[in-house]
There are 2 protein chains.
Amino acid sequence: MKRLDIRDSGFEAGFSSLLASREEQSDKVNEPVAAILAQVRREGDTALCALTEKFDRLPLTPDKLAFTADEIEQACAEVSPELLEALDLAATRIESFHKTQLPKDTRYTDDAGMTLGMRWIPLDAAGLYVPGGKAAYPSSVLMNAIPARVAGVQRLAMCVPTPDGIINPLVLAAARRAGVTEIYRVGGAQAVGAMAYGTQTISPVDRIVGPGNAYVAEAKRQVFGHVGIDSIAGPSDVVVIADSNTDPRLIALDLLAQAEHDEEAQATLITPEASFADTVTAAVEAELKVLTRSAIARTSWERNGAVLVVRNFDEAIELANRLAPEHLELMVDDPEPLLARVRHAGAVFLGRYCPEAVGDYVGGPNHVLPTSRTARFASGLSVFDFMKRTTFLAGGPEALKRIGPAGVALATAEGLEAHALSISARLDALTKNTPNA
Amino acid sequence: MKRLDIRDSGFEAGFSSLLASREEQSDKVNEPVAAILAQVRREGDTALCALTEKFDRLPLTPDKLAFTADEIEQACAEVSPELLEALDLAATRIESFHKTQLPKDTRYTDDAGMTLGMRWIPLDAAGLYVPGGKAAYPSSVLMNAIPARVAGVQRLAMCVPTPDGIINPLVLAAARRAGVTEIYRVGGAQAVGAMAYGTQTISPVDRIVGPGNAYVAEAKRQVFGHVGIDSIAGPSDVVVIADSNTDPRLIALDLLAQAEHDEEAQATLITPEASFADTVTAAVEAELKVLTRSAIARTSWERNGAVLVVRNFDEAIELANRLAPEHLELMVDDPEPLLARVRHAGAVFLGRYCPEAVGDYVGGPNHVLPTSRTARFASGLSVFDFMKRTTFLAGGPEALKRIGPAGVALATAEGLEAHALSISARLDALTKNTPNA
């Protein structure tokens, strides 16, 4: 853990190096990923089966790539009613929030007589990547699939690796609840390749979303352009702005909820009280002694954790904006004025009773969020990721007479004669047909 | 030019091969681009000057990278008043349309007592790439810069190559009109590298937009993740759906307005009248004899042009959706019912007096549009490219009691103990403090 005090002379250098360490890293997996994608594109299902046997130790044949309706049914029967109810509450809240994102088509006619507008249209098919093994998170299934369904996407293919054949039944239950239409037991770069290029069994999709490891991220980067992708997911991070009015143990748990994700996760406390920094740090140590995932959380905290002591909340918000965190907790008495000044953050959690973990599961907003400081330009997953816009322009003879000549002038200046002629020949025709115009 | 009739047995095979030829191509410039980006990242301004001398035959020193206010002023003085007026009409109409895209923040409190919402925030800085040399299009400057300014982006850096030192004064006039704040005489992958990583002279931006050649496109792909980018631009394309009620020469000019862009451009006519296909084809030949850019247009038409004869407009729209064109012209008597059935197109132009060239310059909607069939998942440039969303979630003790337990159940099922504890410890504290709750 790195502790910096804004009053110390070394603060700016230390903070800059913290920023640099949180930029996206090059993962040096370009070449193996390119090879896997090429193999999938060339051999289709055969490649998927071979790679799944190699990486997931799971012998497969093409007819076993997809989970059957019976397998999904059976998995759901294994899940406790309490969990199914929790899943349903989460799904209902996520649906409800994402419905508020649905954009409206526009259409208007302006002074020149032109009619202009924009239509929002859902994608035909989306592909959802869901990490498997130890990171097989049913909540991720809901967060990836529900915005697509709310957007109106009809076909929703999901790929989830099942290392050694093991699948979390709750993942399948979540997929069913969220309206996923196809589920394949394939993971890694090969799953991304299958969804991008298609195989005999898996039809290609138009956009691939969902978090994954370095191979998945690199595969998404490489297929980008052929299909759409969401942002490249890096390690998860949180910035907690807090003062001593919150129990230090609660703040420690919020920091550790990030740290327990994986060793690269980044948890940062910013506080105006140096003594509170001490008590939270001590509380983190105490919790690390008892947490089940303490080995991971300790490595994350020691390597990537940070405690920043500032003079006031103004400075705290300024540093948070520079960190552009994935998650930002405002654990203070009056969080709203601080929220108004947040410029760069994926999602913000306001007030002592609204920890980030609520947002991971049952809040409603998406938990697939921009990492590695990309909140400077990127946003969380949303219905917008599953729709695209088509603009339109309509106009008759009178409108063309009003705005056409400027188009001819600009096209001519750009040396594009056919562009100019396609307008001017219509204007000429109008002049001939209506000599008094 | 490839002519296919839907009534012929070979149609489906021919059409599929047309589709495949219009997918994005791998440009085999990965390695030289990676080398250029590394050089810019390592050497900053020194690399920019060396590469500009090498590729644009323009010796530069760091202090000459940016155009000065005087240079811009002087360039604007060289532009005719008529052109400045045309530029202003275009800019005003583009501003006006893009203002209708500005999204509204949301905020609501739900039954559980949680307050949820989403804020749209402009990027701090955007970088605009503008092609130089023969493709130095002032209209592109307007189309790239205006949405950023409308979105509220404060810093707008523009890079435009000036091969042999030549700059189109109208490009600088357009940049001034559009509110660009910095203009650099740098192009190619090195310009993308400078905007992504920053140099001594050019501060890094958060997102890079604008079309460019294969090097620019590959550079954008490689810096994606470190900064945001818009979609990767391929060759321009148009699909024109028309019947014989329009003068075949006008349709020929619309097709050639695409074909004259470059040799890879793709122009397609879809018509239910075989004889109209003949007359348009003849008209294209006639125009190719007289057009100034006929060499380029002829190569494009012969290599990539297509004429598809169908039975009716239903089939025409179906093929257009499969082609997912950048531009779609509906040159028919009653285009509105056809528009309603367009699912995949960047921009649609309705009616005989609204050719695509109007949209290139003075229509209002953006002319930076998804190419290479990416309209299946991508959209034209917009204010959305220059904003990002921050979601927020707030709730007090009562709301936590309502939804917290489901969160604890799901976190526990996912094996994330600290997530569960960060909620349950708060619930415990509430129970202790309010024994009757």
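Numbers restart at 1 for each chain; the letters A, B, ... are given by sequence-line order, proteins then strands.
- Each of A/G351, A/S139, A/G396 has some count of heavy-atom pairs under 4.5 Å with chain B, and the biggest count is that of A/S139.
- In this structure, CG on B/N30 lies 9.5 Å from CG on A/N30, to the nearest 0.5 angstrom.
- Between A/G415 and B/R293, the shortest heavy-atom distance links the atoms O-CD, 3.2 Å.
- Residues A/L393 and B/G363 share a closest heavy-atom pair of CD2-CA, 3.7 Å.
- Considering every non-hydrogen atom in both B/A112 and A/R93, the closest pair reads CB-NH1, 3.6 Å.
- Residues A/T115 and B/L350 have side chains not in contact (no heavy-atom distance under 4.5 Å, counting atoms from C-beta outward).
- Contacts of B/A252 with chain A are absent, with no heavy-atom separation under 4.5 Å from either backbone or side chain.
- Chain A forms the most heavy-atom pairs under 4.5 Å with one residue out of B/P138, B/G380, B/A413, and that residue is B/P138.
- Looking at B/E417, the atoms closer than 4.5 Å to chain A (heavy atoms on both sides) sit in the backbone and in the side chain alike.
- Per-residue heavy-atom pair counts under 4.5 Å with chain A were compared for B/P405, B/G359, B/S382, B/G404, and the maximum is reached by B/S382.
- Contact annotation for B/T106: only side-chain heavy atoms (C-beta onward) come within less than 4.5 Å of a heavy atom of chain A.
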Stepwise side chain to side chain contact (heavy atoms under 4.5 Å, CB included) check, B/L291 with A/L421: CA-CA 10 Å; B/L291 275 186; A/L421 281 171; 3.9 Å; yes
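- Highest contact tally toward chain A, considering only B/G117, B/G364, B/A125, is held by B/G117 [criterion: heavy-atom pairs under 4.5 Å].
- A donor-acceptor pair under 3.5 Å links the side-chain atoms of A/R426 to the main chain of B/R352, judged by distance alone.
- Formation of a donor-acceptor pair under 3.5 Å by the A/T391 side chain with backbone atoms of B/A347 is not found in this model.
- Taking the six-membered ring where tryptophan is involved, the planes of B/H419 and A/H261 are perpendicular, since the angle between them exceeds 60° and thus also 30°.
- Of the two parts of B/L87, the backbone and the side chain both hold a non-hydrogen atom closer than 4.5 Å to a non-hydrogen atom of chain A.
- Using a 4.5 Å cut-off between heavy atoms, A/F386 does not touch chain B at all.
- Looking at A/A324, neither its backbone nor its side chain comes within 4.5 Å of chain B, counting heavy atoms on both sides.
- Listed options A/A126, A/A257, A/G234 were ranked by heavy-atom pairs under 4.5 angstrom with chain B; first place goes to A/A257.
- The two atoms that bring B/L123 and A/F377 nearest to each other are CD2-CA, 3.6 Å, heavy atoms only.
- Interface summary for chain B: among A/E356, A/E287, A/Q101, the most heavy-atom pairs under 4.5 angstrom belong to A/Q101.
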Pair A/R402-B/V362, side chain to side chain contact (heavy atoms under 4.5 Å, CB included): steps then yes or no: CA-CA 10 Å; A/R402 291 276 291 274; B/V362 290; over 6 Å; no
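- Taking OH of A/Y353 as the reference point, atom CE of B/M114 lies at 14.0 Å (rounded to 0.5 Å).
- Put simply, the side chain of B/M118 does not reach to within 4.5 Å of the side chain of A/N366, judged on heavy atoms.
- Interface residue B/L170: only side-chain heavy atoms are found under 4.5 Å from chain A.
- Of all non-hydrogen atoms in A/L339 and B/R119, the two that sit nearest each other are O-NH1, 2.7 Å.
- With a 4.5 Å cut-off on non-hydrogen atoms, A/A409 touches chain B through its backbone and its side chain both.
- The parts of B/S96 that come within reach of chain A are both its backbone and its side chain, each placing non-hydrogen atoms under 4.5 angstrom from that chain.
- Heavy atoms closer than 4.5 Å to chain B are found in the backbone of A/A375, but not in its side chain.
- Ranked by heavy-atom pairs under 4.5 Å with chain B, the list A/K104, A/Q258, A/H344 is led by A/H344.
- B/Q222 touches chain A through its backbone: at least one of N, CA, C or O sits under 4.5 Å from a heavy atom, while the side chain does not.
- Using a 4.5 Å cut-off between heavy atoms, B/L89 contacts chain A through its side chain alone, with no backbone atom that close.
- The candidate from A/A357, A/A86, A/S379 with the greatest count of non-hydrogen atom pairs under 4.5 Å with chain B is A/S379.
- Contacts of B/A34 with chain A are absent, with no heavy-atom separation under 4.5 Å from either backbone or side chain.
- Using a 4.5 Å cut-off between heavy atoms, B/I229 touches chain A through its side chain atoms alone.
- Comparing B/L410, B/L253, B/L400, B/L427 by how many heavy-atom pairs each has under 4.5 Å with chain A, the most go to B/L410.
- Of all the listed residues (B/L256, B/L369, B/T412, B/V358), the one sharing the greatest number of non-hydrogen pairs under 4.5 Å with chain A is B/V358.
- Only the side chain of B/D110 comes within less than 4.5 Å of a heavy atom of chain A; its backbone N, CA, C and O stay farther away.
- Here the shortest heavy-atom pairing between B/T390 and A/A345 reads OG1-O, 2.7 Å.
- Using a 4.5 Å cut-off between heavy atoms, B/F384 touches chain A through its side chain atoms alone.
- Judged by distance alone, the side chain of A/R343 and the main-chain N or O of B/I121 form no donor-acceptor pair under 3.5 Å.
- Using a 4.5 Å cut-off between heavy atoms, A/D360 touches chain B through its side chain atoms alone.
- Of the residues considered (A/L83, A/L116, A/D254, A/L416), A/L416 shows the highest number of contacts with chain B, using heavy-atom pairs under 4.5 Å.
- Listed options B/V171, B/I423, B/V348, B/T100 were ranked by heavy-atom pairs under 4.5 angstrom with chain A; first place goes to B/V348.
- Counting only heavy atoms from C-beta outward, the side chains of A/F392 and B/V342 never approach each other to under 4.5 Å.
- Between the NE2 atom in A/H226 and the CZ atom in B/R373 there is a gap of 8.5 Å [rounded to 0.5 Å].
- Using a 4.5 Å cut-off between heavy atoms, B/A411 touches chain A through backbone and side chain atoms alike.
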